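Predicted model, so just to flag it, every value in this text is computed and none were measured.
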Amino acid sequence: EGIVGSYGIINTASNICLAIGCGIGESVSVLSSVYVGEEDKGSLEKLLKISIVYSVVLNAVLGVFVIIFAGSIIQLFKGDAVYTEEQIRLATLGLRSLAISTIFFSINTCFLSYFQAMRRTLLSSTFSVIENFGAPIVVALIFINTLGVNAVFWSFLGDEIITFTYLLIV
């Protein structure tokens with residue numbers, strides 16, 4: 001019960017953390033498609049590099065902010081609902097883990113958008129399955145015995161790192 005309530009709060013508050021990555025990723029998707037259509041490989045590569053730099057810098061700043069103010073953010077997003085201290089503690093931990101993972105999330109999203117624009121369907125599909133299904137389950141299962149329910153929240157970070165590692169390999 002504790003983890004479900006905590007996850008509910010994080011699910012609402014996560015919009016703060018994921019906004020930059022989603023926004024940059026959508027921009028990369030649109031602009032990559034234009035550059036692919038124009039066969040402008042130089043602009044495409046420049047776009048990817050710039051978007052990765054912006055992703056890292058903006059998410060690092062946001063991440064520090066969220067880590068510092070995670071408790072207050074959780075209080076803001078929990079609304080009038082009544083949660084136990086343990087649920088609030090878990091939600092705070094989860095939000096901090098999510099904040100750290102946003103750097104990797106944004107980079108991964110930029111690459112996914114790039115791959116989709118390049119019509120690399122199999123790579124894009126594999127990437128999505130790893131990021132959204134495979135990696136979170138693997139991380140949670142690996143750490144459930146040592147971290148208990150906290151493994152679920154650390155799976156945010158582990159998931160994005162595993163997906164990023166996959167990017168480096170392919």
**Student:** Y114 and S32: which non-hydrogen atoms are nearest, and at how many Å?
**Tutor:**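 Closest approach of Y114 to S32, heavy atoms only: CA-OG, 4.2 Å.
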
**Student:** For the residue pair S106 and N59, confirm or rule out a side-chain donor-acceptor distance under 3.5 Å.
**Tutor:** yes

**Student:** I'd like to check I107 versus E160 (side-chain heavy atoms, cut-off strictly below 4.5 Å). Are they in contact?
**Tutor:**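 With C-beta onward as the side chain, the pair stays apart.
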
**Student:** Please say whether more than 12 non-hydrogen atoms of neighbouring residues, nucleotides or ligands are located less than 6.0 Å from CD in E85.
**Tutor:**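 Counting other residues, nucleotides and ligands, CD of E85 stays at 12 neighbours or fewer.
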
**Student:** Could you report the tightest heavy-atom contact between T163 and A135, atom names first, then the distance?
**Tutor:**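 Minimum heavy-atom contact is OG1-CB, 4.4 Å.
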
**Student:** Tell me, please, which residues at least two apart from E26 pass side chain to side chain contact (heavy atoms under 4.5 Å, CB included).
**Tutor:**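 Applying side chain to side chain contact (heavy atoms under 4.5 Å, CB included) to E26 gives none.
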
**Student:** C110 and L48: which non-hydrogen atoms are nearest, and at how many Å?
**Tutor:** O-CD1, 4.0 Å

**Student:** What residues form a side chain to side chain contact (heavy atoms under 4.5 Å, CB included) with V170, not counting sequence neighbours?
**Tutor:**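 If we apply the side chain to side chain contact (heavy atoms under 4.5 Å, CB included) test to V170, skipping adjacent residues, the hits are L123, Y166.
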
**Student:** I want to check something: taking the side chain as every heavy atom from C-beta on, are F156 and I10 in contact at a cut-off of under 4.5 Å?
**Tutor:** yes

**Student:** Should M118 and L44 be marked as a side-chain contact (heavy atoms from CB on, under 4.5 Å) after you check the CA-CA gap, both sets of side-chain angles, and the distance that decides it?
**Tutor:** CA-CA 10 Å; M118 297 295 291; L44 188 60; 3.3 Å; yes

**Student:** Under 4.5 Å between side-chain heavy atoms, counting indirect links through other Ile/Leu/Val/Met/Phe/Trp/Tyr residues: same cluster for I9 and L76 or not?
**Tutor:**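 The answer is yes; both residues are in one hydrophobic cluster.
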
**Student:** If you look at every heavy atom in S33 and A117, which pair is closest and at what distance?
**Tutor:** N-CB, 3.7 Å

**Student:** Check whether any side-chain heavy atom of T109 sits under 4.5 Å from a side-chain heavy atom of C22, and report yes or no.
**Tutor:**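 Answer no - side chains too far apart.
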
**Student:** Check step by step if side-chain contact (heavy atoms from CB on, under 4.5 Å) holds for I20 and T102.
**Tutor:** CA-CA 8 Å; I20 292 172; T102 58; over 6 Å; no

**Student:** Verify the cluster assignment for L141 and V138: are they in a single hydrophobic cluster under the rule of side-chain heavy atoms below 4.5 Å apart?
**Tutor:** no

**Student:** Look at the side chain of R96 and the backbone N and O of I67, then say whether any donor-acceptor pair between them is shorter than 3.5 Å.
**Tutor:**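 Checked: pair present.
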
**Student:** Under a 3.5 Å distance rule, please check whether S29 uses its side chain to pair with a backbone N or O of G25 as donor and acceptor.
**Tutor:** no

**Student:** Would you say L93 and W154 make side-chain contact, with heavy atoms under 4.5 Å?
**Tutor:** yes

**Student:** Among the clusters formed by ILVMFWY side chains lying less than 4.5 Å apart, do Y7 and F133 turn up in the same one?
**Tutor:** no

